[in-house]
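A short worksheet on the structure shown next.
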Protein chains: 2
Amino acid sequence: MNEKKAPRGRPRVRLSDVAAAAGVHASTVSRVLRPGADGRVSGEVAEKIRSMAQKMGYRPNSLASGLRTNSTRSIGLIIHDMNDPVYPPILSGIEAQLAPQEFVVLVGNTGYDLKSELELVDRMAAQMVDGLFLATTRLDDPVVRRCRDYAIPVVSVLRFSEDDFTPAVINDCYGGMRDLVQHAIALGHRDLAHIGAPQTLSTARERLHGYRDALAEAGFAMRNDRLTFVTRMTVEGGEQATRRLLAEAESPPSVLICVNDLVALGALRACRDVGLRVPEDISITGYNNIPLVGMIDPPLTTVKMDLDRIGRTAGAVMLDLLLGKSDPPSAKAAQRIRRIASTQIPRASLAPARTG
Amino acid sequence: MNEKKAPRGRPRVRLSDVAAAAGVHASTVSRVLRPGADGRVSGEVAEKIRSMAQKMGYRPNSLASGLRTNSTRSIGLIIHDMNDPVYPPILSGIEAQLAPQEFVVLVGNTGYDLKSELELVDRMAAQMVDGLFLATTRLDDPVVRRCRDYAIPVVSVLRFSEDDFTPAVINDCYGGMRDLVQHAIALGHRDLAHIGAPQTLSTARERLHGYRDALAEAGFAMRNDRLTFVTRMTVEGGEQATRRLLAEAESPPSVLICVNDLVALGALRACRDVGLRVPEDISITGYNNIPLVGMIDPPLTTVKMDLDRIGRTAGAVMLDLLLGKSDPPSAKAAQRIRRIASTQIPRASLAPARTG
DNA sequence: TTGTAGGCGTTATCAG
DNA sequence: CTGATAACGCCTACAA
């Protein structure tokens, strides 16, 4: 007595039901309930319709309206892995910005796999998202190209792509890293090393450049034996890279500038394993200020990105794009990439260099 | 020369376009491209259609099909705050389970606000989600009732609601806490205290019950001055509650059993502030094993939930519900709530009791 | 095995 | 100011 397709409860109230109950035509109801409608409606009728809709519990079907208007009020967010603590604040920021406009966010984790990344774009395209936030952007990115093929508006977050049209909101990794390294040098460090990440990512590249330039300004060369790269920015990756670097060098550097916090934690572990004390024997720095890195032993010196603000800004850029309040992005290349400043977080893992 | 509504690129290929190109009717194409179609199609025609669709880059419009079939292949996930590290693994687990079925997940953060929680449900209902995962469930929950009004299938995650119909997949908080407390008692602790959370949450209640029963089994009473509650499970909340508990007691307890890790971190801070050493003067335990709690000083003894498995199981339950492979949930009340076992993570913050 | 017709709920356009 | 009509892209009886 209970059909599978029709659970309990009366069927959903439609626009036409409200119209019938109010004694008007459906199109009139549509005009009343949709703010941006063209034709005006008499206050009396409008009032009646509104109260009737309320009473009947009418809720618009955005599927149907989306079919007609070509807009679903939904936006996709593609990230590698929500377990990486940089992403949640970005999601919050984006949501905070979009929710007032009644947008909804669709989240997809790629698991660092390009194939599923492309599949996700397809799935989201099928869902007819109005736009897409990509936090996975490479400097040269097939995913970005596919979105362009599909004519889906894209805002790149945290990373940027090297083209002339994809707007991006990123942390100022270059400046953040440069400041950090200058600080380390000011503390007396002369023998620095960097554990970087693949240069296909804008963040990794910018950080390396910041490191390089800070060194150059101080008159230091960037030595090859003081530079290594992880393949993935994880604790394990950092551990392996550090082990490699320490094994190949005659003596350890006085400070390890790591591309991010997870890598720094791996570095910390690797240093301990070979008997180096942190920060007495070697200093370590990270980047991101992920939760709890201030409570580990020793508290990690790092750089804090304003992720919430990056998310909000990205949301605002997207709204601009969709609601067409601005010219096409390519028209103002100067503003295509917005850099959000970061903050130094000095802690005990970076200590003054030993003199001796 | 570039209309705002039609960016670059040709318009999207429709089913009928493929049909025209293949020289057949749209309905035939639909039958070929949809696996579960009724009428069969000759292999020859099917092959031609498939290759044509491929060549033309046809991508189905799930808005249109959803309007027809009453299914959007999208599912909502409502959580309080993605920044709480328990949620990301759940999202991953859910996604891993649903992605192969071409479902997509819509995420909403409530910010711990009931009003936005209800708004989120409305917005997701408007998006015509096929189902909803609620990780915000209270024992008696207006949100659950609203979903029922709307006839939206719900699977509760991490928490359960006290009704006879909402399926839930949760961590076995009762067993996990009971084991932990038994362990503390085995280490010689006699004067235990608990920092709990509001009893409107099933997790908080189950943990308190586990604590109580472990005490009872050992023949200890649950003293009121050794029990306090946070209003929110945050570091700040834990710090305040601990400060209160310590201030009101004549002497500190020998171990603080905290409702979760964040609260435990707050407790740690509060203990340090009043000059107590951990674990020499007082032991502390958490729950959740959030990232890095094993690297802080001292490493936190805690209980690890299998969040990924909880997410996957919830996904499976949802698929069951939607694809109707099982009876309505109420029919098998025994299986309505699935408990996923947790694992003890012993670390240095829980030390043997001082003798004397 | 394939085509035809009608409709899912909404909105845009045109009349009145 | 309001009503009628068609269309958005797809699916599904039913007919051929």
Side-chain angles (χ1 to χ4, degrees), chain A residues 5-6 10-50 52-53 56-73 102 125-128 130, chain B residues 3-6 10-50 52-53 56-73 102 125-128 130:
Chain A
K5 275 289 152 192
R10 55 231 162 275
R12 189 165 175 139
V13 178
R14 287 161 306 175
L15 197 61
S16 59
D17 296 329
V18 177
V24 297
H25 194 270
S27 51
T28 307
V29 179
S30 175
R31 277 189 282 258
V32 171
L33 265 34
R34 179 143 315 252
D38 50 342
R40 250 165 299 293
V41 178
S42 78
E44 206 176 345
V45 176
E47 201 40 58
K48 179 170 187 180
I49 289 175
R50 250 185 284 270
M52 188 59 80
M56 301 176 72
Y58 170 71
R59 294 172 293 125
N61 181 332
S62 71
L63 231 58
S65 83
L67 186 58
R68 193 61 240 255
T69 60
N70 256 311
S71 154
T72 53
R73 304 240 116 188
E102 303 269 273
Q127 293 284 341
M128 301 268 133
D130 290 348
Chain B
E3 282 307 297
K4 190 163 284 165
K5 274 289 151 192
R10 54 230 161 274
R12 190 166 173 139
V13 178
R14 287 161 305 175
L15 197 61
S16 59
D17 296 331
V18 177
V24 296
H25 194 269
S27 56
T28 307
V29 178
S30 175
R31 276 188 280 259
V32 172
L33 265 34
R34 180 143 313 253
D38 50 342
R40 245 166 303 292
V41 178
S42 78
E44 206 176 345
V45 177
E47 200 40 58
K48 178 169 188 180
I49 288 174
R50 249 186 285 271
M52 188 59 80
M56 301 175 72
Y58 170 71
R59 295 170 293 124
N61 179 332
S62 72
L63 231 58
S65 78
L67 187 58
R68 196 57 241 259
T69 60
N70 257 310
S71 155
T72 53
R73 305 240 117 187
E102 302 269 274
Q127 293 284 341
M128 301 268 127
D130 291 347

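Keep in mind the model is a prediction, meaning the values are calculated, not measured. Every chain is numbered from 1, with letters handed out A, B, ... down the list of sequences.
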Discussion item. Below the 4.0 Å mark, does C/dT11 have OP1 or OP2 next to a side-chain nitrogen or oxygen of A/R34?
Written reply: yes

Worksheet entry | Rounded distance (Å) that lies between atom C1' of C/dT11 and atom CZ of A/R14 | 16 Å

Response to the item:
Here the distance between atom C1' of D/dC11 and atom CG of B/N70, to the nearest Å, is 12 Å

Worksheet, complete the sentence: Rounded to whole Å, the CZ-P distance (A/R73 to C/dT10) equals 16 Å

Item to complete: Would you please test B/T72 and B/Q127 for side-chain contact (heavy atoms from CB on, under 4.5 Å) and show each step?
Response: CA-CA 8 Å; B/T72 53; B/Q127 293 284 341; over 6 Å; no

Worksheet, complete the sentence: Considering only heavy side-chain atoms of B/S65, the closest of D/dC10, C/dG9, C/dG3 is D/dC10

Item to complete: Using a cut-off of strictly less than 4.0 Å, decide whether A/S30 has a side-chain nitrogen or oxygen near OP1 or OP2 of C/dT10.
Response: no

Worksheet item: Rounded to the Å, how far apart are A/K48 NZ and D/dT2 P?
Response: 12 Å

Worksheet item: Do the side chain of A/R68 and the base of D/dG9 come within less than 3.5 angstrom through a donor-acceptor pair of N or O atoms?
Response: no

Practice prompt. Using whole Å, report how far NE2 of B/H25 lies from P of C/dA5.
Written response: 8 Å

Fill in: Side chain to side chain, B/L15 and B/L33, heavy atoms closer than 4.5 Å
yes

Worksheet item: Do any side-chain nitrogens or oxygens of B/Y58 fall under 4.0 Å of OP1 or OP2 in D/dG9?
Response: no

Worksheet entry | First encountered from the 5' end of DNA chain C, between B/A26 and B/A64 | B/A26

Practice prompt. Measure the distance from CG on A/L63 to P on D/dA7 and round it to the nearest whole Å.
Written response: 21 Å

Worksheet item: Looking at B/A26 and B/S16, what are the two nearest heavy atoms and their distance?
Response: CB-CA, 4.3 Å

Fill in: Rounded interatomic separation in angstrom, taking CZ from A/R12 and C1' from C/dG9
10 Å

Discussion item. Tell me the closest heavy-atom pair linking B/R73 and B/E102, and the distance in Å.
Written reply: CB-O, 3.7 Å

Item to complete: Give a yes/no on whether any side-chain N or O of B/S27 is located under 4.0 angstrom from OP1 or OP2 of C/dG3.
Response: no

Worksheet item: Within the structure shown, what part of the strands sits under 4.0 Å from B/L15 by heavy-atom distance: base, sugar-phosphate, or nothing?
Response: sugar-phosphate

Discussion item. Is there a side-chain contact between B/T28 and the phosphate of C/dT2, meaning an N or O under 4.0 Å from OP1 or OP2?
Written reply: no

Worksheet item: What is the distance, rounded to the nearest whole Å, between atom CZ of A/R31 and atom P of C/dG9?
Response: 20 Å

Worksheet item: Which heavy atom of A/R59 sits nearest a heavy atom of B/A125, and at what distance?
Response: NH1-CB, 3.3 Å

